[in-house]
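Report on the following structure.
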Amino acid sequence: MTPEQAAEFAALPGAADAVAVRRWDEEAKDPDAVTPPFEHFLPLLTALLRG
């Protein structure tokens with residue numbers, strides 16, 4: 001991106017969230033990454049299901 005294009009993108013609603021998702025996507029491609037077990041995510045998942 002040119003500096004002008006980057007500035008236009010940064011001004012868009014949700015631009016920061018889009019960049020965060022892109023970074024997470026890149027990090028998820030590491031085959032040697034250590035991830036927590038399912039139980040680590042269970043409280044978050046339960047809370048999300050309860051709304």
Side-chain angles (χ1 to χ4, degrees):
M1 288 186 171
T2 66
E4 293 81 17
Q5 290 170 325
E8 287 178 27
F9 175 78
L12 293 172
D17 292 333
V19 171
V21 169
R22 183 71 175 102
R23 287 184 176 146
W24 296 331
D25 180 59
E26 283 301 312
E27 290 175 10
K29 294 176 184 175
D30 180 359
D32 297 321
V34 177
T35 57
F38 179 78
E39 291 77 19
H40 170 83
F41 300 99
L42 197 53
L44 173 62
L45 296 172
T46 302
L48 290 171
L49 287 171
R50 289 184 181 152

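When a residue number appears, it is its place in the shown sequence, counting from 1. Keep in mind it's a predicted model, so treat the numbers as computed, not measured.
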Under 3.5 Å, side-chain donor or acceptor atoms of residues 7-27 against the rest of the protein: list the pairs with distances, not counting sequence neighbours.
{"residue": "R22", "atom": "NH1", "partner": "D25", "partner atom": "OD2", "Å": "3.3"}
{"residue": "R22", "atom": "NH1", "partner": "E26", "partner atom": "OE2", "Å": "2.6"}
{"residue": "R22", "atom": "NH2", "partner": "E26", "partner atom": "OE2", "Å": "3.3"}
{"residue": "E26", "atom": "OE2", "partner": "K29", "partner atom": "NZ", "Å": "3.0"}

Anything under 3.5 Å between a donor and an acceptor, one on a side chain of residues 38-51, the other on a protein residue two or more places apart or in another chain? List them.
{"residue": "T46", "atom": "OG1", "partner": "L42", "partner atom": "O", "Å": "2.8"}

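In this view, E4 and T2 satisfy the side chain to side chain contact (heavy atoms under 4.5 Å, CB included) rule, not counting sequence neighbours.
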